[in-house]
Asker: 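Take this structure first; my questions come after.
Every chain is numbered from 1 and lettered A, B, ... according to where its sequence line falls, protein lines coming before strand lines.
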Amino acid sequence: MRQFKLTRDERSLADEEAAQEILDGLNPQQREAVKTTDGPVMIIAGPGSGKTRTLTHRIAYLIATGTAQPHEIIALTFTNKAAREMKERVQALVGEETRGMWMGTFHSSFARLLRREGDKIGYSKDFSIYDTDDSKRIVRAQLNRRNIDTQRFKPRTIHRMISSAKNQMIGPAEYEDMARGDTQEKAAEVYPGYEKALEQANAMDFDDLLLKPIELFENHPDVLEKYQQRWRYLHIDEYQDTNRAQYVLSRKLAGGHRNICVVGDDAQSIYAFRGADIGNILSFQSDYDDATVIRLERNYRSTERILQLADSIIEQNEEQLEKSLWTENEEGDYVALMEALSEKDEAQKIERTIRDLHLREGYSYNDFAVLYRTNAQSRSLEDALRRENVPYRVIGGMSFYERKEIKDVLAYLRLLVNPNDAASIRRVINYPTRGIGDKTQERLIRFAQEEGLSLWQAIERVEDIDTLSTRAQNAVGKFRFLIAKHASKLGEMSPDDLAQELIQEAGLLDELRKEHTQENLRRWENVQELISAIAEYVGENEDASISTFLQDVALLTDQDNEFDDGERVTLMTLHAAKGLEFPVVFIAGLEEGLFPLSHATEEQSELEEERRLFYVGATRAEERLYLTHARSRYRYGERQSCTRSRFLEEIDSSVVRTEVGDELRQKKDRFKADSGSTQSYDDMDPHYYRENLSEKKKTVRQKKSSSSGRRVVYDEGQGEIAPGVRVEHSKFGEGKVLSMEGEGDKATAVVFFGNEIGQKKLKLKYAQLRRVG
DNA sequence: GTTGGCGTATTTTTT
DNA sequence: ATACGCCAAC
């Protein structure tokens, strides 16, 4: 900004001081990475080595030394949260002059670019962004049109295949040639129609947000050149997780100036399932033969033992860049291994350990993270934490913007700015019900198809559709009026007021008030919260509109909304934990078939990815790391007995202690490829655990809560429910148990919820009754 | 033709 | 618990 109007001498003096300040507090390697501002740079950085910090300081350094102006810098990150934090830190380092600097995820950055330039390839700036759910709807419509059995060929699966093709930049024609097997052939069959439907809806799916810019750059070299000149400095974080399209984009953007700086760790590549290509980072040096490569190998995060454990995990993998991690941190505690009887028992052991460390060692609840492989595992952990009133937050799973009631409102709003959005029309055209059933919708679609119109255009001409009864035409006409009326008010009313009026007149609010259940009340509150969110968004952003709100919101994940409110234990998948760190980390569910997931054990490359995931999880821990597994677990509706994970047989046992302080005893050969052993854990080593448990406690470093005299909670929650007790139900609210019948899975309670709702018979297995009072 | 109730299958990770 | 398909009643 103005500051750069100083004379050359004045500037260099001020710059020098600022630059020196930015370099202070970095180690020699980091400093070198920051100072290498000319030409391609790759920073290969282990976990906890301060790679994001290095990137941040490099950007600040560029600005402080006047090498680049903020608007000449773009940084692409993996999450919105990472971008936000990086931006804040750069601002703190250089003062306020960062306006015009682009920082965000690939997706959000290129969505923004498409908003400006998309008209050149036929997209209006109000394009809708389709999430997986919307895309699935489009696929389903395509399958139905072709009379393909959606039971056998699930829209989800088909979409995943199309998405993975798009990820690798394989177009419909090419895909048709390479499709193998029934499912792929069906995917190839609907792929062109899927693309056409999206185009007609003026919509982009997640993959398009990367592919369309490529198309734009290829068809309009002048546009590419404009951005190449604008962004003289390109930074990419988490480069190991870029896919083909992201790779192509980065090469194109870096094509002119070649000032590309990438940061990554091949050992932390965990998104291959999403098309991430580890080859991108492995081949950086051959892509840019004048690249400077800097290794950051010193770990500042974890204790020596944790690092040693992590090292022993990753060393099992064959393909990786040479790197040797080291730390000067203290040795720290042993990594603790805890075995549990069931997932409930596991959750309880974790919960007790957390409370114990909280009370005795003074850890804040913020210091804890419990990591697991699948979202479904959060349930039992939540139950245990809730029971003991330990505050927690769950990241992932169902986020605010994924709730049905929210998606309904968003669909209405999307229709206002982009009436061609067919997925949104289908979502809300008959919700709340207004007499436009399947048959009418089918006829609308057929008409659109025959006339080559979008769905909305067909609706506009509904009077011309003679297959429809007058009644149906009227119903559609009323819907059309509802949307058109509010679309015409886009310019005049404030976005939040308009949204409020629309959902009122659409009958959404009445629908939610129709039945007075707690569930509906919660939904109604959520909708109101969404309206407030719109108001807030408009207040915070300069050129905000419903259109920009919708596009921004489509790319939010709930990690991005999650503001750190209060002290809570964090529960999340291992994937979601990437880039984070916590003093105390639990990795739960270390069992064969779960972690590693069963399907991943076939393929060497997939097994290696699971192992990297374990590595990522372990290296999140700063001071204490707990590994847990259960001997049995409810999965797919039944209790299954579990063998502990092969990963536990591979790790360096010298840094691990069991709960009673023993060394970890391993069966190193158990999963060797040629052993062919299918022995169950029990057959193999029947007395292993009993021996351990019967042994007297030796010097135990981790103090266990069983010795603290606290109440023991037995491994059954449902026993608490008996005739006479008061319980709470998620839908019906509070009630009183009148009687009980049946046992085990069939156990049923008759509960009286007051005069309005009356008596309900509830299966304990499904209804989550919570005892109150 | 539309709506709502019932039975059945469902869980990998995500921008 | 939830989503979806199928079937019977309005």
Asker: Using a cut-off of less than 4.0 Å, is there contact between a side-chain N or O of A/N167 and OP1 or OP2 of B/dT15?
Answerer: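 So the side chain of A/N167 is outside the cut-off, no N or O lying under 4.0 Å from OP1 or OP2 of B/dT15.
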
Asker: Students often get this wrong, so: under 4.0 angstrom with heavy atoms, is A/F106 touching a base, only sugar-phosphate, or nothing?
Answerer: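 If one applies the 4.0 Å heavy-atom cut-off, A/F106 turns out to touch nothing in the nucleic acid.
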
Asker: Whole angstrom is fine here: how far is it from OH in A/Y130 over to C1' in B/dT15?
Answerer: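 Value for this atom pair: 18 Å.
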
Asker: Within this structure, what is the CZ-to-C1' distance between A/F273 and B/dT14, rounded to whole angstrom?
Answerer: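 Between C1' of B/dT14 and CZ of A/F273: 5 Å.
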
Asker: Quick one: which of C/dG5, B/dT12, B/dT13 gets closest to the side chain of A/N375?
Answerer: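 Taking heavy atoms from C-beta onward, the closest nucleotide is B/dT13.
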
Asker: Give A/S108 one of three labels, base, sugar-phosphate or nothing, depending on what nucleic acid heavy atoms sit under 4.0 Å from its own.
Answerer: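 If one applies the 4.0 Å heavy-atom cut-off, A/S108 turns out to touch nothing in the nucleic acid.
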
Asker: If you find the nucleotide of DNA chain B closest to A/R160 and the one closest to A/A472, which residue's nucleotide is nearer the 5' end?
Answerer: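 On the 5' side of the pair lies A/A472.
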
Asker: Would you mind telling me which of B/dT3, B/dT12, B/dT15 lies closest to the side-chain atoms of A/N430?
Answerer: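 The answer is B/dT3, which lies nearest to the side chain.
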
Asker: On DNA chain B, does the nearest nucleotide to A/Q441 precede the nearest nucleotide to A/R373 from the 5' side, or the other way round? Give the residue.
Answerer: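 With A/Q441 and A/R373 compared, the 5'-side residue is A/Q441.
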
Asker: For the side chain of A/K154, counting heavy atoms from C-beta on, which of B/dT15, B/dT10, B/dT12 is nearest?
Answerer: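 Side chain of A/K154 sits closest to B/dT10.
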
Asker: Looking only at side-chain N and O atoms, does A/S135 offer a donor or acceptor that is under 3.5 Å from a partner on A/T132?
Answerer: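 A/T132 vs A/S135: no donor-acceptor pair found between side chains.
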
Asker: A/H159 NE2 to B/dT15 P: how many Å, rounded?
Answerer: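 Between P of B/dT15 and NE2 of A/H159: 14 Å.
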
Asker: Grab the CD1-C1' distance between A/I395 and B/dT13 for me, whole Å please.
Answerer: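 Interatomic distance, CD1 of A/I395 to C1' of B/dT13: 15 Å.
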
Asker: May I ask you to evaluate whether A/T573 reaches the phosphate of B/dT14, defined as a side-chain N or O under 4.0 Å from OP1 or OP2?
Answerer: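 For B/dT14, OP1 or OP2 has a side-chain N or O of A/T573 closer than 4.0 Å.
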
Asker: Starting at CD of A/Q240 and ending at C1' of B/dT13, how long is that distance when rounded to a whole Å?
Answerer: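 These atoms are roughly 15 Å apart.
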
Asker: After noting the C-alpha distance and the side-chain angles of A/R146 and A/Q142, does the key distance pass the side-chain hydrogen bond (donor to acceptor under 3.5 Å, both in side chains) rule?
Answerer: CA-CA 6 Å; A/R146 271 154 251 263; A/Q142 293 294 322; 2.6 Å; yes

Asker: Using whole Å, report how far CD of A/Q640 lies from P of B/dT11.
Answerer: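 Checked: the CD to P distance equals 15 Å.
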
Asker: Are A/D237 and A/T77 linked by a side-chain donor-acceptor pair shorter than 3.5 Å?
Answerer: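 No, no side-chain donor-acceptor contact under 3.5 Å.
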
Asker: Within the pair A/R140 and C/dG5, is there a side-chain N or O less than 4.0 Å away from OP1 or OP2?
Answerer: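 Yes, within the criterion.
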
Asker: Just by distance, with hydrogens left out, do A/T548 and A/Y537 show a side-chain donor and acceptor under 3.5 Å apart?
Answerer: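 Distance-only check passes for A/T548 and A/Y537.
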
Asker: I need the OH-C1' distance between A/Y615 and B/dT13, as an integer number of Å.
Answerer: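 Going from A/Y615 (OH) to B/dT13 (C1'), I get 20 Å.
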
Asker: Taking NZ from A/K404 and C1' from C/dT2, how many angstroms apart are they, rounded to a whole number?
Answerer: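 Going from NZ in A/K404 over to C1' in C/dT2 covers 12 Å.
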
Asker: May I ask you to establish whether A/K578 and A/F78 are in a cation-pi arrangement, using a distance under 6.0 Å from NZ or CZ to the six-membered ring centre and at most 45° from the ring axis?
Answerer: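 So A/K578 does make the cation-pi contact.
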
Asker: Identify which nucleotide among B/dT11, B/dT14, B/dT15 has an atom closest to any side-chain atom of A/H107, counting heavy atoms from C-beta outward.
Answerer: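 Nearest to the side-chain atoms of A/H107, counting from C-beta on, is B/dT15.
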
Asker: Considering just the side-chain nitrogens and oxygens of A/T433, establish if one lies under 4.0 Å of OP1 or OP2 belonging to B/dT2.
Answerer: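 The answer is no; no side-chain N or O of A/T433 sits under 4.0 Å from OP1 or OP2.
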
